[in-house]
2 protein chains.
Amino acid sequence: MSWSGQGDHTGRRGYHHGNLREALIDAALHLIAEKGPAGFTIAEAARAAGVSPAAPYRHFRDAEALLAAVALRGFERFAQALAAAWSRARPDPVASFENLGRAYLGFARDEPGYYAAMFDAGLPLAAHPALLAAGDRAFGVLREATDVLCARLSKAERPPSLMVALHIWAMAHGIASLFGRGDAARRKLPMSPDDLLEAGFLVYLRGLGLLD
Amino acid sequence: MSWSGQGDHTGRRGYHHGNLREALIDAALHLIAEKGPAGFTIAEAARAAGVSPAAPYRHFRDAEALLAAVALRGFERFAQALAAAWSRARPDPVASFENLGRAYLGFARDEPGYYAAMFDAGLPLAAHPALLAAGDRAFGVLREATDVLCARLSKAERPPSLMVALHIWAMAHGIASLFGRGDAARRKLPMSPDDLLEAGFLVYLRGLGLLD
DNA sequence: TTCCTCATGTAAGTACGGTTCACATGAGTT
DNA sequence: AACTCATGTGAACCGTACTTACATGAGGAA
């Protein structure tokens, strides 16, 4: 092509869009963030990208496939965010955990579109192995962190690190789902979700025998 | 018409249905359980109830209103289930907690339609005060249980019981959301959700200073 | 350059659900 | 017996899902 492509992410460059697939994922992401996983339509995403309603079907078989692409990109960025938070404070495992928790809630808060596509869309994971794998990679970060943590306990009192990772994940996900998304749909709390999660971690880790 | 309505549970009694509102909630409940909160339509619920597609609008302004009615009934039954589990083992607070956890996960497992309407539908709670109130009543059961539990701690080491209730709720909800629903959409675990939650409770309560 | 080819976009069509409105029905009341 | 009003119907309009036949133009081969 001639007029070299620049940043305009909805911009047409002639008859061919040039980057429609990514533009559709972006459009869907914003629509999901605004109106929930059920509130986006292929037609509306096409409109946002400036193409005809039939164009998206060249890239996605149906709406679920587009949703799955959003979720896949979400899991990848989620894993990156968690890994960054984890390594940022690596010398101190407990501080790293608090970082992980903040990163988890921060992602849910700042990227509601991704988060909803990942966890609220009800995508059949069995039908999307790539999604399952990407989710496992994100969970792997958590798992690595709990491994390090559990290693500080004597073998006799060391719990299964997988179980600990699942507990941590569940509490973070529970707080994010119930309280952690924008003013849109949730309840008022006497403390911030971040503080709530941090306090929960501390109690839980104390219960494991760490801390104290 | 003539052939008088018989036992058919969606049964017409003539031109008028007789109980359409409840029949629509029931139909929506089953559709949600099968296909997720986004997978039900007013038209399909009307078809299941044996009425024309316009009839539901006499009872519900739009699909969201019908969804909210499902969620409302869900919260009421949820509160009942939790209260029953809590009182069943009241002498022993820890056993009661385990009962509560099993009841929580059991409800999510056995009533996926209600659970999805309550927590996955993305209903704007601000627009449905009755839902918020019903949710608070269910949470109240949890809150009462943690009050009793916290009362066993000396005042000096007693944590805010509201915070404890939120932690418990978050972990239960996290496990239910991530692992607790049918084979449909979730991951494989090395242990049952019930056992996972019970273990999490025990670690957490130990961290509070109860147990041991 | 010229032409070929194929990925990618468009237009038009079918089917269906959402929603509204004018109208029909019949249960309860008086 | 007649009135009334909640409740259900049918038809209409619009938007979206998805399909199919056709159009465009980018990149490669001659």
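Below, chains carry the letters A, B, ... as their sequence lines are ordered, and counting in each starts from 1.
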Chemist: How long is the straight-line distance from CG of B/L149 back to CD1 of B/I168, given to the nearest 0.5 Å?
Modeler: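 CG of B/L149 is found 8.0 Å from CD1 of B/I168.
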
Chemist: Just so I know, are the side chains of A/Y104 and A/H173 near enough to count as touching, which here means a heavy-atom distance under 4.5 Å?
Modeler: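 SC-SC contact between A/Y104 and A/H173 confirmed.
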
Chemist: Mark yes or no for whether B/S177, through its side chain, and B/G174, through its backbone, hold a donor-acceptor pair below 3.5 Å.
Modeler: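 No, because the side chain of B/S177 does not come within donor-acceptor range (under 3.5 Å) of the backbone of B/G174.
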
Chemist: Enumerate all atom pairs, one protein N or O and one N or O from nucleotides 10-15 of chain D, separated by less than 3.5 Å.
Modeler:
none

Chemist: To the nearest angstrom, how far is A/L20 atom CG from D/dT24 atom P?
Modeler: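 The distance from CG of A/L20 to P of D/dT24 comes to 19 Å, rounded to the nearest Å.
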
Chemist: For the side chain of A/H167 and the backbone of B/F201, is there at least one donor-acceptor N/O pair under 3.5 Å apart?
Modeler: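 Not at all, since once roles are kept as given, no pair shorter than 3.5 Å links the two residues.
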
Chemist: Working to the nearest 0.5 angstrom, can you tell me the gap between B/Y115 OH and B/L105 CG?
Modeler: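 So the OH of B/Y115 and the CG of B/L105 are separated by 8.0 Å.
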
Chemist: Rounded to the Å, how far apart are B/D62 CG and C/dT19 P?
Modeler: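 Interatomic distance, CG of B/D62 to P of C/dT19: 6 Å.
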
Chemist: Is the phosphate of D/dA6 approached by B/H59 (side-chain N or O, under 4.0 Å from OP1 or OP2)?
Modeler: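 Negative; the distance criterion is not met.
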
Chemist: Which is it for B/R77 and B/M118 under the side chain to side chain contact (heavy atoms under 4.5 Å, CB included) test, yes or no, and what are the steps along the way?
Modeler: CA-CA 11 Å; B/R77 301 197 174 192; B/M118 291 155 61; over 6 Å; no

Chemist: Roughly, in whole Å, what's the span from CG in B/L66 to C1' in C/dG17?
Modeler: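 B/L66 atom CG is separated from C/dG17 atom C1' by 14 Å.
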
Chemist: Taking only heavy atoms on the protein side, list every residue of residues 30-43 of chain B lying under 4.0 Å from any atom of DNA chain D, sorted numerically.
Modeler: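 Output list: empty, so none.
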
Chemist: Can you measure A/F60 atom CZ to D/dT19 atom P for me and round it to whole angstrom units?
Modeler: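 After rounding, the reported distance stands at 16 Å.
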
Chemist: State, yes or no, whether a side-chain contact exists between B/V70 and B/Y114 at a heavy-atom distance under 4.5 Å.
Modeler: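 Sidechains of B/Y114 and B/V70: in contact.
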
Chemist: For a ring pair (Phe, Tyr, Trp, His ring centres under 6.0 Å) check, start with the C-alpha distance between A/F75 and A/F119, then their side-chain angles and the critical distance, and finish with the verdict.
Modeler: CA-CA 10 Å; A/F75 274 120; A/F119 293 113; 5.7 Å; yes

Chemist: Measure all distances between protein nitrogen or oxygen atoms and nitrogen or oxygen atoms of nucleotides 13-15 of chain C, and list the pairs falling under 3.5 Å.
Modeler:
none

Chemist: Please give, in whole Å, the distance from C/dA12 P to A/Y57 OH?
Modeler: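 These atoms are roughly 18 Å apart.
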
Chemist: Whole-Å distance between D/dA26 P and A/N19 CG?
Modeler: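 The distance from CG of A/N19 to P of D/dA26 comes to 15 Å, rounded to the nearest Å.
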
Chemist: Any carboxylate oxygen within less than 4.0 angstrom of a Lys/Arg side-chain nitrogen, looking at A/E22 and A/R73?
Modeler: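 Yes, charged N to carboxylate O under 4.0 Å.
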
Chemist: Main chain of A/A108, side chain of A/R181: is a donor-acceptor contact present, judged purely on distance under 3.5 Å?
Modeler: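 No; judged by distance alone, with no hydrogens or angles, the pair does not exist.
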
Chemist: Is there a donor-acceptor pair under 3.5 Å between the side chain of B/T146 and the backbone N or O of B/R143?
Modeler: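 Between the backbone of B/R143 and the side chain of B/T146 there is a qualifying donor-acceptor contact (under 3.5 Å).
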
